[in-house]
Novice: 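First the structure, which I've put down as structure tokens, then a few questions once you've had a look.
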Amino acid sequence: MTENNIRIAIIGAGASGIMAAIKLLEAKTGEIIVFEKEADLGGTWRDNTYPGLICDIPSHLYRFSFAANPDWSRTFSPGSEIYSYMRRVAEGNNIENMIRYHSEVTRLQYNEGQWCLETNQGDQGRFNVVISAVGILHHPVYPDIKGLDGFEGDRFHSARWDHNVSYQGKRVGIIGTGSTAVQITSAIIDDVEKLSLFQRTPQWVLAAPNDFYSPEAKTNFRENPEEMTNAYNSLAHTLNHGFAAAVVGQNDEALAMIQDGCQQNLDQNIHDPALREKLTPDYSAGCKRLIVSEEFYSAISKQNAELVTEGISGIEAGGIRTEDGRLHELDVLVLATGFDPHRFLADAEIIGASGQSLSKAWNQGNYAYKTICVPDFPNLFFIGGPNSPIGNFSFLLTAETQFAYIKKLIELIRSGELSEVNPKPEVTNEYNDKLKKEMGGTVWASGCQSWYFDRFGNVASWPWTFARFEEELSEPNLSDFQILETQ
Ligand code: NAP
């Protein structure tokens, strides 16, 4: 292989795919093609358009490190602003023409040092490197509830919001009490006749004000870009050394503060004792992904809101029947029932070096070497792969940390120093044994059900501090890889 003739496929034009394409283009790494299954970029920020969508990671942290934005309107940005930002950054960095839309990767086969890639559009040729940037929030989960299809009103998943349906003056039901349901409830409560929120499990909610940036503040950011850098660094430090350390058992003081903050929010803002009891979780704050909302408790306390805690026995033409026999009549039903974060590339057939499929390799649970790559699947790299720090983190920071590491591996391939980068199975197993053991000390494993768990009961996040994540991915340890040197 001669330098620069490398071909790289990126799967997904969401935040991490956009970032990887920009950085590879900038480094003139070779030919880069981004395969995107939908008609537009933006990933979860393209798919989710529900009323009230706000990112609960502060705006000046939830951005690419290389693309500061002085114009964020608020402390926490609305989803539409983040989508526009992604589009602007992609256009500004000239990566649009690298994206093939309507192209869902259906098959990858490793053959003689390259990946043969097929999409629903057919054979796309051979690639030296494939980067999965598919994210975790793009497979909506539809609840398996008897009678769901028989509902005669309007019904949709929160990630497929039907903007042709009006909810003004209607009886609206929402199933779920995750971040999505909480944001929708707060946004629509004043417009609906009645809102019934079907709660299976109560959630801890942290209140955080979402102030608008004044025109002066935006001008100041524009004229003094170092202030945006300072804000980014300081927010990253606070989140990673406060919250992220707290949830993995490394900052008990911060965890206690989060717990107290949630309890105070509940005590101070829910005045009806019966409602307060229904909203009180029986597990520690942070066990399920923490919800950030300053508005939810006031919304759910309104006259036209009802928190339904009876189990759902079925869905009928006219509404939802609960186990107490009551029919909750509805015109519109929103399924705020989340996503399957464990699917990754499950819709594609991926055949590794020895002829085994990735789905077979992962049939007892997803695993990777340091979140990045899987033995027997050489030169296939994951951004946001198994056990990445997920939850109340800035995924953009996680993705950039992972990509910087992947890029170092790609450089070795591009320079011709190596032809294949394949983690050693024994090193990967040892790493994963440790990871599982350490997971026991995290708040996620402290006694609640959540989407962090896969179907084998493993927690799919990072059990150590973010500082350790950065350190582990700072430089590839080549002795951890089976490396075929180029002939
Ligand atoms: P989620 O957190 O997975 O919540 C799903 C909700 O649906 C849960 O309350 C769950 O109850 C309920 N549910 C699922 N199946 C059910 C069934 N069969 N019957 C009754 N209830 C059922 O989903 P999400 O709120 O859409 O959030 C998805 C991800 O996006 C999370 O990581 C979330 O934090 C993130 N998100 C982030 C933001 C942000 O601001 N950055 C905004 C929205 C979403 P149980 O708790 O009992 O399982």
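Note that ligands are numbered from 1 as they come in the structure, with each ligand's atoms numbered from 1 the same way.
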Novice: Just say parallel, tilted or perpendicular for the rings of F198 and H328, cut-offs at 30° and 60°.
Specialist: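 Perpendicular: the ring planes of F198 and H328 meet at over 60°.
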Novice: Would you say the ring centers of W72 and Y85 fall short of 6.0 Å from each other?
Specialist: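 Yes - the distance between ring centres of W72 and Y85 falls below the 6.0 Å cut-off.
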Novice: Look at atom 47 (O) of ligand 1 and say which protein heavy atom is nearest, naming residue and atom and giving the distance to 0.1 Å.
Specialist: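 Among all protein heavy atoms, the one nearest atom 47 (O) of ligand 1 is T201 OG1, 2.4 Å.
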Novice: For ligand 1, indicate whether the residue Q183 contacts it via side chain, backbone, both or neither (heavy-atom separation under 4.0 Å).
Specialist: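 The part of Q183 near ligand 1 is the side chain, not the backbone.
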Novice: Less than 4.0 Å is my threshold; does some heavy atom of K288 fall inside it relative to ligand 1?
Specialist: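 Distance cut 4.0 Å: K288 passes for ligand 1.
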Novice: Show me which atoms of ligand 1 lie under 4.0 Å from any heavy atom of T180.
Specialist: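 Numbered from 1, ligand 1 contributes 24 (P), 25 (O), 26 (O), 27 (O), 43 (C), 44 (C).
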Novice: Considering both backbone and side-chain atoms of S179, is one of its nitrogen or oxygen atoms within less than 3.5 Å of a nitrogen or oxygen in ligand 1?
Specialist: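 Yes; the residue has a nitrogen or oxygen that sits under 3.5 Å from a nitrogen or oxygen of the ligand.
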Novice: Compute the minimum heavy-atom distance from A336 to ligand 1 and say whether it is under 4.0 Å.
Specialist: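 Distance cut 4.0 Å: A336 passes for ligand 1.
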Novice: So W462 and F469, would you call those rings parallel, tilted or perpendicular, with 30° and 60° as cut-offs?
Specialist: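 Plane angle over 60°, so perpendicular.
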Novice: Please determine if D56 has a nitrogen or oxygen closer than 3.5 Å to a nitrogen or oxygen of ligand 1.
Specialist: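 Min N/O separation from ligand 1 is below 3.5 Å for D56.
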Novice: Find all atoms of ligand 1 within a distance of less than 4.0 Å from any non-hydrogen atom belonging to I175, and give their numbers and elements.
Specialist: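 Checking each atom against I175, I get 20 (C), 21 (N).
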Novice: Tell me, do Y232 and E227 make a side-chain contact under 4.5 Å, heavy atoms counted?
Specialist: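 A side-chain contact under 4.5 Å is absent here.
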Novice: Give a yes/no verdict on whether any heavy atom in Y62 is under 4.0 Å from an atom of ligand 1.
Specialist: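 No, that is not the case, since the closest heavy atom of the residue is not under 4.0 Å from the ligand.
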Novice: Could you tell me whether the side chains of S284 and Q259 share a donor-acceptor contact shorter than 3.5 Å?
Specialist: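 Result is no, nothing qualifies.
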Novice: Does any N or O in the side chain of N265 come within less than 3.5 Å of the main-chain N or O of V205, such that one atom is a donor and the other an acceptor?
Specialist: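 Confirmed, N265 side chain pairs with V205 backbone.
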Novice: Please report which non-hydrogen protein atom sits nearest to atom 40 (O) of ligand 1, along with the residue it belongs to and the distance in Å to one decimal place.
Specialist: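 Nearest neighbour among protein heavy atoms for atom 40 (O) of ligand 1, to 0.1 Å: I54 O, 2.6 Å.
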Novice: List ligand 1 atoms under 4.0 Å from G176, heavy atoms only on the residue side.
Specialist: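 Close to G176: 6 (C), 7 (O), 9 (O), 12 (C).
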Novice: Evaluate the ring planes of W45 and Y62, with Trp represented by its six-membered ring, and classify them as parallel (under 30°), tilted (30 to 60°) or perpendicular (over 60°).
Specialist: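 W45 vs Y62 ring planes: perpendicular.
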Novice: Identify the protein heavy atom lying closest to atom 48 (O) of ligand 1, giving its residue, its atom name and the separation to 0.1 Å.
Specialist: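 It is R200 NH2, 2.9 Å.
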Novice: Counting C-beta onward and ignoring hydrogens, is there a side-chain heavy-atom pair between K288 and Y452 closer than 4.5 Å?
Specialist: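 No, side chains not in contact.
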Novice: Measure the acute angle between the ring planes of W362 and F382, then classify it against the limits of 30° and 60° as parallel, tilted or perpendicular.
Specialist: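 Geometry flag for F382 against W362: tilted rings.
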Novice: Heavy-atom distances under 4.0 Å decide this one: backbone, side chain, both or neither, for Q449 against ligand 1?
Specialist: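 No part of Q449 comes within reach of ligand 1.
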Novice: Where's the contact between Y50 and ligand 1, heavy-atom distance under 4.0 Å: side chain, backbone, both or neither?
Specialist: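 Under 4.0 Å from ligand 1, Y50 contributes side-chain atoms alone.
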